[in-house]
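As the structure is a prediction and not an experimental result, all values here were calculated from the model. So you know, we letter chains A, B, ... as the sequences are listed, proteins then strands, and number each from 1.
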Amino acid sequence: MNIYSKYLNEIKNIIFTIAEELSWDLKNSKIIKKIVLEPPKNQSFGDLSTNAAMVLASQLKFNSIEIGEILCSELKIINDFDEVEFVKPGFINIKLNTKIWHTFLFNLVTSNNGWIYENLGQGKFLNVEFVSANPTGPLHAGHARGAVFGDTLASILSLVGYKVLREYYVNDAGNQIEALVESCFLRYLENINKREYSFSNGLYPGNYLKKVGKKINDLYGKRLIDLSFDKYFPLIKPIVIEMMLNDIKNDLVKLGVEMDVFTSETKILESNRLDKILKILNKKKLLYTGILEKPKGNSNNDWEPRPQLLFNSKKFGDDTDRALKKADNSWTYFASDIAYHLDKIERTSGNLINILGADHGGYISRISSAVNAITDNKCQLINKICSIVHLSDNGQIIKMSKRSGDFVTLSEILNKVGKDVIRFMMLTRRNDQTIEFDFHKVKEQSKDNPIFYVNYAYARCKSILNSSNFKNNKIDLDKISKLTEKKEIDLIKLLSQWPRVLEASAKYLEPHRVCFYLIDLASQFHSLWNKGNEDKNLRFILKEDKKISTARIALVNSVAITIESGLNVLSIKPTNKM
RNA sequence: GCGCUCUUAGCUCAACUGGAUUAGAGUACCAGAUUUCGACUCUGGGGGUUGGGGGUUCGAGUCCUCCAGAGCGCACCA
């Protein structure tokens with residue numbers, strides 16, 4: 001179904017045949033991998049373009065013109081190629097016979113399975129960890145971006161043959177959780193005594209904890225009032241975590257994100273994983289007790305030298321060694337995180353992908369170092385950073401302040417604009433660019449709002465299909481070959497690029513490509529539609545010419561199929577009517 | 001002070017991971033078409049030293065280096 005990979009394989013086979021005849025040394029398969037076949041930037045160059053001559057020339061130390069001419073003469077024999085041309089720096093441009101595009105469309109429309117993608121993953125395991133927000137508050141806009149990015153990426157990777165596990169790491173241990181529990185206890189007291197308590201620095205003053213306080217009151221009555229922190233902590237911590245996590249899970253479900261696994265940090269700490277990593281690292285002589293240097297700059301006034309258990313992460317490219325134990329001999333977060341990564345590796349025996357927020361960029365080198373150390377570089381950890389989201393309403397910037405507990409929650413955004421808008425908008429930028437998310441704009445029924453624009457194209461397709469009694473079994477290649485308008489053929493060519501787009505999204509872990517493609521496809525379809533206004537003979541349905549109508553409707557149908565496939569990747573269901 | 005990530009048209013962003021005489025879209029602006037199979041849809045126009053300098057090579061927005069600006073992070077928190 002992927003025209004580009006089909007012909008790339010043919011070209012490679014031809015190269016191997018020539019290589020045998022002329023005894024070229026192509027044992028270095030990396031060189032063959034560098035050969036690509038893609039649609040040229042400039043349409044006038046043809047349909048396909050390959051860099052084969054240049055790649056081979058550099059490997060064989062030959063003149064690229066010489067190789068290009070040899071290749072060209074062989075490629076010209078292929079029937080499907082109308083024109084094969086060798087041009088300046090070393091490209092070979094190919095024009096396909098129009099019947100190839102007709103056949104392509106015919107196959108697409110008549111196959112029951114829709115699009116099929118290349119099996120890049122070959123069933124390999126891939127663990128995608130994302131969101132992993134601390135259960136100390138509700139999810140907000142930034143989390144939404146990571147959630148959509150990770151979830152969509154996971155879908156894309158599944159489509160190309162990876163076995164993907166969607167995972168959320170719950171940081172349900174440590175100081176922040178103690179602060180959370182203490183905050184909830186204050187809300188509990190507040191609920192009983194009907195008076196306000198002051199939240200000291202480090203506690204969570206957000207109103208969202210009021211219901212937790214009430215719940216504790218409902219369960220325990222006044223029995224906890226006089227208990228010390230140590231006594232009430234184990235009693236109410238499970239309640240607090242469960243409630244916070246439930247809210248998070250609900251928001252995720254509403255956003256269309258279904259995690260496969262929630263892993264608890266507490267459980268990791270209780271397991272033997274930490275001892276295990278200690279043993280592993282010790283065996284590799286990567287542990288020592290030492291004193292870290294004071295970081296330069298004036299941000300830390302209370303710095304004092306402390307001997308701590310350190311991991312030699314510098315050896316793996318980190319800027320400094322990192323502490324595994326705190327001064328009081330308890331584990332650092334980093335230590336438990338290494339243990340967690342070991343846990344993931346042991347469970348899936350595959351590679352890991354972490355989706356992180358922009359504020360965690362500084363963490364990457366140390367955790368990657370650790371993964372490389374414990375697996376002897378056998379497992380790869382890929383980190384993708386999602387940059388921040390700026391919220392605004394009709395141009396007015398909405399400020400977020402987490403400290404005061406005053407920020408726009410994901411739940412609010414979901415209520416305001418719905419899941420589909422969020423999912424699409426969060427992927428209309430590369431992951432490393434900031435996103436401007438304007439509540440007003442994303443609800444507009446116009447081109448300003450890409451999800452509307454794409455869905456509108458789909459609705460138009462459906463409208464045509466409805467008014468035409470379209471049936472697949474009326475189609476044959478003869479009718480399809482009536483499609484001769486340049487815009488029609490161009491649209492088929494654009495359709496043919498869909499699997500390439502999806503596969504590239506998978507290869508480079510860039511889900512935004514799907515959105516950009518869908519916008520492009522919608523645009524070309526709208527354009528073709530309007531051609532029918534200028535010239536009535538170009539309308540999709542012509543009562544006096546059933547053959548061409550059938551062919552054009554087949555084209556419309558395949559546009560619909562493709563938009564649906566694309567939106568499906570984003571977990572968005574297009575609506576037939578708007 | 002150090003590290004990471006960014007900087008592309010007035011604005012918001014792409015650019016198939018090093019490819020093509022002319023770096024593409026949208027928006028805004030100007031000029032038009034259409035009102036239907038479906039309604040803010042389409043066509044055309046001007047707008048650029050890809051933050052700046054240097055380097056690597058057949059070829060650089062993309063890689064290296066220096067400089068400037070923005071964001072994030074900087075023992076023991078998570």
Side-chain angles (χ1 to χ4, degrees), chain A residues 4 34 36 38-42 45 49 51 54 57-58 64 87-91 93 132 134 136 171 173-177 179 202 265 291-300 302-306 308 310 318-323 325-328 330 332-334 336-337 357-365 385 387-388 428-430 432-436 444-450 452-453 456-457 459-468 497 500-501 503-505 507-508 510 512-513 516-517 519-520 523 526-534 536 539-541 553 556 577-578:
Chain A
Y4 302 90
K34 282 185 87 172
V36 294
E38 46 190 33
K41 254 183 195 164
N42 191 333
F45 292 146
S49 171
N51 60 353
M54 283 182 289
S58 69
S64 70
V87 289
K88 270 184 279 174
F91 292 99
N93 292 331
S132 297
N134 290 351
T136 53
N171 296 127
N175 291 342
Q176 291 189 8
I177 296 303
E265 185 186 357
I291 298 169
L292 285 174
E293 277 178 43
K294 182 179 179 182
K296 298 203 167 97
N298 49 8
S299 57
N300 282 299
D302 56 346
W303 186 90
E304 56 184 51
R306 286 189 195 114
Q308 287 171 294
L310 302 175
D318 202 358
D319 347 294
T320 173
D321 290 341
R322 305 288 177 176
K325 288 202 167 182
K326 298 179 200 169
D328 65 0
S330 65
T332 60
Y333 173 76
F334 179 50
S336 70
D337 207 24
D359 52 344
H360 287 76
Y363 194 69
I364 290 177
S365 56
I385 296 274
S387 194
I388 44 178
T428 52
R429 296 284 178 274
R430 282 177 64 107
D432 46 17
Q433 296 282 353
T434 59
I435 287 186
E436 310 290 328
E444 260 177 48
Q445 305 263 299
S446 79
K447 209 172 178 179
D448 263 355
N449 177 1
F452 168 82
Y453 185 72
Y456 183 43
R460 277 184 154 176
C461 289
K462 283 295 174 185
S463 159
I464 293 163
L465 294 171
N466 279 339
S467 50
S468 71
Q497 291 197 36
R500 287 188 82 240
V501 169
E503 284 149 22
S505 301
K507 221 165 155 184
Y508 306 121
E510 292 179 348
H512 71 277
R513 287 162 185 268
F516 282 100
Y517 174 80
I519 293 168
D520 199 12
S523 167
H526 285 308
S527 172
L528 185 60
W529 172 290
N530 272 70
K531 277 274 169 188
N533 289 329
E534 293 164 30
K536 297 229 189 288
R539 294 198 167 194
F540 296 109
I541 302 172
I553 291 160
V556 170
K577 292 182 177 179
M578 307 192 67

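- Summarising the geometry, the separation between CZ on A:Arg430 and P on B:rC6 is reported as 7 Å, rounded to the nearest angstrom.
- Atom pair A:Ile435:CD1 and B:rG71:C1' shows a separation of 15 Å (rounding to whole Å applied).
- Side chain A:Asn530 to base B:rU41: a donor-acceptor pair is found below 3.5 Å.
- Ring-plane geometry between A:Phe516 and A:His512 is classed as perpendicular, the angle between the planes exceeding 60 degrees on a 0 to 90 degree scale with a lower cut at 30.
- Nucleic acid contact class of A:Val501 (heavy atoms, under 4.0 Å, all strands): none.
- Remark: ring of A:Tyr456 does not overlap the six-membered base ring of B:rG38 in a stacked fashion, as centroids less than 5.5 Å apart with planes less than 30° apart are not both met.
- The aromatic ring of A:Trp529 stacks onto the base of B:rC37, its centre lying under 5.5 Å from the centre of the six-membered base ring with the two planes under 30° apart.
- The nucleotide whose nearest atom lies closest to any side-chain atom of A:Asp319 is, among B:rA78, B:rA75, B:rG3, B:rG3.
- Distance, A:Phe334 CZ to B:rC76 P: 10 Å, rounded to whole Å.
- Of all nucleotides present, none satisfies the Watson-Crick or G-U wobble test against B:rU22 with each distance under 3.5 Å.
- Judged by Watson-Crick or G-U wobble contacts below 3.5 Å, the nucleotide B:rA9 has no partner.
- When both pairing distances are held under 3.5 Å, B:rG1 makes a Watson-Crick or G-U pair with B:rC74.
- Whole-Å rounding puts the A:Ile364 CD1 to B:rA78 P distance at 20 Å.
- Taking atom CD1 of residue A:Ile464 and atom C1' of nucleotide B:rG38, one finds them 9 Å apart after rounding to whole Å.
- For a distance-only test at 3.5 Å, the side chain of A:Arg306 qualifies as a donor-acceptor partner of the base of B:rC76.
- Within 90° of 0 lies the glycosidic angle of B:rU17, which makes this nucleotide syn.
- Residue-to-nucleotide contacts include a donor-acceptor pair under 3.5 Å from the side chain of A:Asn93 to the base of B:rA20.
- Checked by distance alone, A:Arg429 brings no side-chain donor or acceptor within 3.5 Å of a matching partner on the base of B:rC13.
- Note on A:Ala504: nothing from the nucleic acid sits closer than 4.0 angstrom, heavy atoms only.
- When rounded to the nearest whole Å, the span between CG of A:Asp318 and P of B:rG73 equals 18 Å.
- Once rounded to the nearest 0.5 Å, the distance linking CG of A:Asn171 with CD of A:Gln176 reads 8.0 Å.
- When the C1' atom is used for both B:rA60 and B:rU65, the distance is 15 Å, rounded to whole Å.
- Phosphate contact (OP1/OP2 of B:rC76, side-chain N/O of A:Arg322, threshold under 4.0 Å): absent.
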Kindly determine whether A:Arg539 and A:Trp529 satisfy side-chain contact (heavy atoms from CB on, under 4.5 Å), including the steps that lead there. CA-CA 7 Å; A:Arg539 294 198 167 194; A:Trp529 172 290; over 6 Å; no

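- Taking every side-chain heavy atom of A:Ala459 into account, B:rG38 is the closest of B:rA75, B:rA20, B:rG38.
- Nucleic acid contact for A:Asn51: none, since no nucleic acid atom lies under 4.0 Å from a heavy atom of the residue.
- Using a 4.0 Å heavy-atom criterion, one finds that A:Glu293 contacts no nucleic acid atom at all.
- Across all strands, A:Ser387 comes closer than 4.0 Å to no nucleic acid atom at all (heavy-atom distances).
- Checking B:rC76, B:rA78, B:rA14 against the side-chain heavy atoms of A:Ala323 singles out B:rC76 as nearest.
- We find that NE2 of A:His360 is positioned 14 Å from C1' of B:rC4, with the value rounded to whole Å.
- Residue ring and nucleobase are stacked for A:Phe45 and B:rA20, with a centre distance beneath 5.5 angstrom and an angle between planes beneath 30°.
- Side-chain N/O atoms of A:Tyr363 include none lying less than 4.0 angstrom from OP1 or OP2 on B:rC77.
- In A:Lys531, the NZ atom is not crowded: 12 or fewer heavy atoms of neighbouring residues, nucleotides or ligands sit closer than 6.0 Å.
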What does nucleotides 22-29 of chain B look like as a protein-contact string, B for base, S for sugar-phosphate only, - for none, at under 4.0 angstrom between heavy atoms? ----SS--

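- With rounding to whole Å, A:Asp359 atom CG is found 20 Å from B:rA70 atom P.
- For A:Ser463, whose side chain is taken as the heavy atoms from C-beta onward, the closest listed nucleotide among B:rA15, B:rC37, B:rG19 is B:rC37.
- When the side-chain nitrogen and oxygen atoms of A:Gln433 are compared with OP1 and OP2 of B:rU8, none of them lie within a distance under 4.0 Å.
- Residue A:Ala173 is in sugar-phosphate contact alone, with no base atom involved, counting any heavy-atom pair closer than 4.0 Å across all strands shown.
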Run A:Ser387 and A:Gln433 through side-chain contact (heavy atoms from CB on, under 4.5 Å) and show every step you take. CA-CA 6 Å; A:Ser387 194; A:Gln433 296 282 353; 5.7 Å; no

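- Note on A:Tyr333: a base of the nucleic acid sits closer than 4.0 angstrom, heavy atoms only.
- Contact annotation: A:Lys326 reaches the phosphate of B:rA78 (side-chain N/O to OP1 or OP2, under 4.0 Å).
- Here B:rC29 sits opposite B:rG45 as a Watson-Crick or G-U wobble pair (both hydrogen-bonding atom distances under 3.5 Å).
- Ring geometry for A:Phe334 against A:Tyr363 counts as perpendicular: the plane angle is over 60°, on a 0 to 90° scale with 30° as the lower cut.
- Under the 3.5 Å distance criterion, with hydrogens and angles disregarded, no donor-acceptor pair is assigned to the side chains of A:Asn134 and A:Thr136.
- In this structure, A:Ser505 and A:Tyr517 have side chains that are not in contact, with every pair of non-hydrogen atoms separated by 4.5 Å or more.
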Polar pairs (N or O, both sides) under 3.5 Å between protein and nucleotides 45-47 of chain B?
none

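- When all heavy atoms of A:Ala327 and A:Arg306 are compared, the pair lying nearest together is CB-CD, 3.3 Å.
- Side-chain atoms of A:Phe540 lie closest to B:rC37 of the nucleotides B:rA20, B:rC77, B:rC37.
- Residue-to-nucleotide proximity on RNA chain B shows that, of A:Ser49 and A:Arg460, the 5′-proximal contact is made by A:Ser49.
- Taking 4.0 Å as the cut-off between side-chain N and carboxylate O, A:Arg513 and A:Glu510 count as a salt-bridged pair.
- Salt bridge present: A:Asp432 and A:Arg430 bring a charged side-chain N and a carboxylate O closer than 4.0 Å.
- In this model, the phosphate group of B:rG3 is not approached by any side-chain N or O of A:Thr320 to a distance below 4.0 Å at OP1 or OP2.
- Along RNA chain B, the nucleotide closest to A:Asn175 and the one closest to A:Glu38 are compared, and the more 5′ of them pairs with A:Glu38.
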